[in-house]
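Side chains included, hydrogens not; waters and symmetry mates left out as well; all remaining heavy atoms used. FYI, the numbering just counts along the sequence from 1. Start at 1 and go down the list; that is how both ligands and their atoms are numbered.
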Amino acid sequence: MKNPPENNIDLSYERHGTGTPLVLIHGFPLDLSIWDSIVPLLESDFDLIIPDLRGFGESSTVDTPYTMLDFANDIAGLLDFLGVEKAFLAGHSMGGYVALAFAREYPDRVNGLALVSSQAADDAPERKAGRYKTAKDVLEKGVDVVAESMTPKLSANEKVQEFANLLMKAQSKAGVIGALKAMAEREDFTSILPEFNFPVLLIHGDADALIPIDRAKEIKSVLPAAQLIKLKKAGHMPMMEFPKETAEALKKLK
Ligand code: MLT
């Protein structure tokens, strides 16, 4: 679908199951297929709406810079298109930043929020500079640069590494660069957390080498009502490493 038509983004998505709408938002630099193992475990509980963010999977992108809010607006446009006013949102890693941007912009459209292997804080200056350096490397050498450096940090599980590596290599340069810059420029969402008047779940692997579980604990310290669900031995990709446990955790949104 064109979403919304005037911004020229053609957003691809999948929809499975019945129940309360739950939007599953993938992380960087991946696509909607990271949720494949979890779909059968959730589809009798939720109406699953699973987009490819702009620049990833089958979705198109634009050359001009964009932000977390643009990603969030794409999702709002998708929900409008589907006639869904309010939904639960689950964002994985960068998808969590998008979910937070959505929750800030459209609080009345959120039934509850799950941040999976994510964080609310913005980038420290050196991390931000590193994103721009990576964007330059991707432009010059291709997306394999990112795939090779991220793969070992995603999971200790070789099958998960293999799947994610191929998935990352299949993404477009433009999408990877656009998202790197959007992540570099994202703001700190910590201050908006106490304003949330819906349930917040923090689902985090205790072996996450990319975004340590301390980031989730930081969220809990400013939002004590948030429920932190620690997944033992899970790395950065719990929906693939431990689909059953991750699905059970997500069901707590209801
Ligand atoms: C992700 O997994 O979405 C990204 O690694 C998050 C990030 O780099 O901040």
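- The protein heavy-atom contact nearest to atom 9 (O) of ligand 1 is Y97 OH, 2.5 Å.
- The proximity of L210 to ligand 1, defined as any non-hydrogen pair under 4.0 Å, is limited to the side chain.
- Where the criterion is an N or O separation shorter than 3.5 Å, residue side chain and backbone included, M94 meets it with respect to ligand 1.
- Near G27, meaning under 4.0 Å from any of its heavy atoms, are these atoms of ligand 1: 3 (O).
- Contacts between R127 and ligand 1 below 4.0 angstrom, taking non-hydrogen atoms only, involve the side chain exclusively.
- On a distance-only criterion, G95 and ligand 1 share no N/O pair closer than 3.5 Å.
- Using a 4.0 Å cut-off between charged side-chain N and carboxylate O, D47 and R15 make a salt bridge.
- In this structure, F56 and F28 have perpendicular ring planes: the angle between them is above 60°, well past the 30° mark.
- Of the candidates A179, S93, A184, the one placing a heavy atom closest to atom 1 (C) of ligand 1 is S93.
- Between the side chains of D70 and T67, at least one donor N or O sits under 3.5 Å from an acceptor N or O.
- The distance from ligand 1 to the heavy atoms of M150 drops below 4.0 Å at these ligand atoms: 5 (O).
- How far CG of L113 is from CG of L100: 5.5 Å, rounded to the nearest 0.5 Å.
- Ranking protein heavy atoms by distance to atom 8 (O) of ligand 1, first place goes to R131 NH1, 2.7 Å.
- Residues M239 and S37 form no side-chain contact, since every pair of their non-hydrogen atoms from C-beta on lies 4.5 Å or further apart.
- Without hydrogens or angle criteria, K153 side chain to A209 main chain gives no donor-acceptor distance under 3.5 Å.
- Under 4.0 Å from ligand 1, not a single heavy atom of K153 appears.
- Look at K233 and E245 and you find no salt bridge, because none of the NZ, NE, NH1 or NH2 atoms lies under 4.0 Å from a carboxylate O.
- Taking every non-hydrogen atom of H236 and a distance limit under 4.0 Å, the qualifying atoms of ligand 1 come out as 1 (C), 2 (O).
- In this structure, the side-chain contact (heavy atoms from CB on, under 4.5 Å) partners of E58, at least two apart in sequence or on a different chain, are S12, D52.
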